[in-house]
Amino acid sequence: MINPKAKYKVVIEAHADEISWFVNYITKEGLIYVIRNGGSDHQIAPSKRVIIHGDKGPVTAVFGWPAIHTRNGEKEEAPTLKNIFLDCGCTSKEEIEELGIHVGSVITYEDLFITLNDRYYVGRAMDNRAGGFMIAEVARLLKENKVTLPFGLYIVNSVQEEIGLRGAEMIANRIKPNVAIVTDVTHDTQTPMISKISQGDLFCGKGPVISYAPAVHNNLNKIFIQAATDNNIPFQRQASSRSTGTDTDAFAYSSDGVVSALISLPLRYMHTTVEMVHKEDVDNVIRLIYESLLLITDGQDFRYIK
Ligand SMILES: [Zn+2]
């Protein structure tokens with residue numbers, strides 16, 4: 001929080017929560033069926049290593065899958081919530097419970113951070129830990145460059161974005177900001193099996209993505225575009241028909257309506273454990289948020305018609 005006493009309040013926000021699974025049913029043979037916590041992808045589960053966050057600490061487990069030899073090659077069964085299961089090396093329900101695991105225990109993947117070709121950051125939950133990193137870097141830039149902002153700035157991480165923007169709703173109601181700049185990830189559409197007709201033509205490495213959507217205020221977008229143009233920051237554009245699916249929607253429709261807009265980081269393979277983002281895009285999102293903040297004035301009136 002910067003200038004906490006200021007009347008005019010600007011939020012920069014990213015969600016911090018990560019998609020995961022819940023233990024839903026433990027069989028008497030000692031296997032575990034799961035349900036989603038957010039948009040976890042059943043298709044990528046088989047053969048993944050996980051951590052079950054039990055009452056007695058983390059427990060390692062794996063998503064098992066029948067061997068190729070034992071499957072009917074002609075009509076293969078696809079992974080779904082009905083057939084994926086966890087094996088934590090136990091042979092009974094009692095043994096699982098002794099490890100501190102119960103119905104409702106949360107499960108995350110154990111995959112860690114790597115880089116590819118010194119160009120991409122790769123890992124799980126880049127959606128949206130990258131956002132948390134970027135707004136923190138904006139705070140660092142403001143401090144290092146000794147910027148005095150004329151308004152209150154709130155740098156916030158939300159929870160529960162992945163299950164319906166719930167944390168952002170709470171933040172918006174608590175802070176009652178005048179302006180909200182949200183950053184989240186969006187889909188790079190350059191890899192196979194993604195339709196550019198429905199998903200747009202977006203690239204990792206071509207810069208931050210500015211969104212057009214009902215929840216987005218065009219006059220705040222104009223500030224982003226001016227900041228990008230003045231500072232030679234590349235940017236791309238995306239349109240969303242009803243909602244952006246990000247915390248932007250929660251901020252925009254909170255209180256009496258909040259001037260909100262979205263700066264997205266292009267990302268490949270969303271909701272897998274190998275989410276990829278381009279290093280230069282990360283730097284450029286940071287710069288774009290920073291430079292945009294410098295253009296916002298105290299009490300700025302964003303109305304279209306005055
Ligand atoms: Zn997500």
Side-chain angles (χ1 to χ4, degrees), residues 11-22 34-45 48 50-51 53 79 81 84 106-113 120-136 156-172 180-191 193-195 198-200 202-204 208-211 213 215-216 236 238-252 260-278 281-282 285 289:
V11 157
I12 58 174
E13 190 257 18
H15 75 87
D17 54 317
E18 170 181 2
I19 52 164
S20 60
W21 305 94
F22 285 119
V34 299
I35 54 171
R36 283 181 241 282
N37 184 14
S40 298
D41 188 347
H42 48 271
Q43 289 230 25
I44 65 149
K48 279 276 187 295
V50 303
I51 301 155
H53 301 269
L81 266 190
I84 59 172
V106 168
I107 302 144
T108 53
Y109 292 117
E110 67 166 30
D111 298 60
L112 299 175
F113 179 88
Y120 289 96
Y121 300 123
V122 180
R124 61 173 236 251
M126 286 291 156
D127 166 11
N128 187 23
R129 303 273 161 74
F133 171 75
M134 294 187 296
I135 57 173
V156 286
N157 268 156
S158 68
V159 294
Q160 300 200 359
E161 187 275 346
E162 296 288 2
I163 52 89
L165 322 181
R166 298 307 190 191
E169 281 175 17
M170 297 178 226
I171 290 167
I181 298 175
V182 173
T183 185
D184 203 334
V185 295
T186 191
H187 302 289
D188 164 294
T189 58
Q190 306 307 311
T191 53
M193 298 184 283
I194 303 174
S195 166
S198 63
Q199 303 295 319
L202 297 169
F203 295 75
C204 282
V209 179
I210 294 174
S211 265
V216 167
Q236 313 175 69
Q238 172 173 33
S240 303
S241 56
R242 280 184 77 84
S243 62
T244 68
T246 71
D247 285 341
T248 317
D249 306 334
F251 277 98
S260 305
L262 172 64
I263 298 177
S264 298
L265 177 69
L267 175 146
R268 290 183 168 187
Y269 319 125
M270 199 181 293
H271 288 196
T272 72
T273 56
V274 291
E275 295 184 336
M276 281 174 63
V277 297
H278 198 292
D281 292 337
V282 172
V285 170
I289 297 173

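Computed from heavy atoms alone, side chains included, the values below leave out hydrogens, waters and symmetry copies. Because the structure is a prediction, the values reported are computed rather than measured. Count residues from 1 along the sequence. Ligands are counted one by one from 1 in listed order, and the atoms in each one are counted from 1 as well.
- When the Zn ion (ligand 1) is compared with the N/O/S atoms of H271, atom NE2 turns out nearest.
- Side-chain atoms of Q238 and T186 form a donor-acceptor pair, as typed in the model, at a separation below 3.5 Å.
- Summary: OD2 is the N/O/S atom of D127 found nearest to the Zn ion (ligand 1).
- The N, O or S atom of E162 with the smallest distance to the Zn ion (ligand 1) is OE2.
- The number of heavy atoms from other shown groups lying within 6.0 Å of CZ (R166) does not exceed 12.
- D281 places no side-chain N or O within 3.5 Å of a backbone atom of C204 that could act as its donor or acceptor partner.
- Looking only at distances, no side-chain donor or acceptor of R268 sits under 3.5 Å from a matching main-chain atom of T191.
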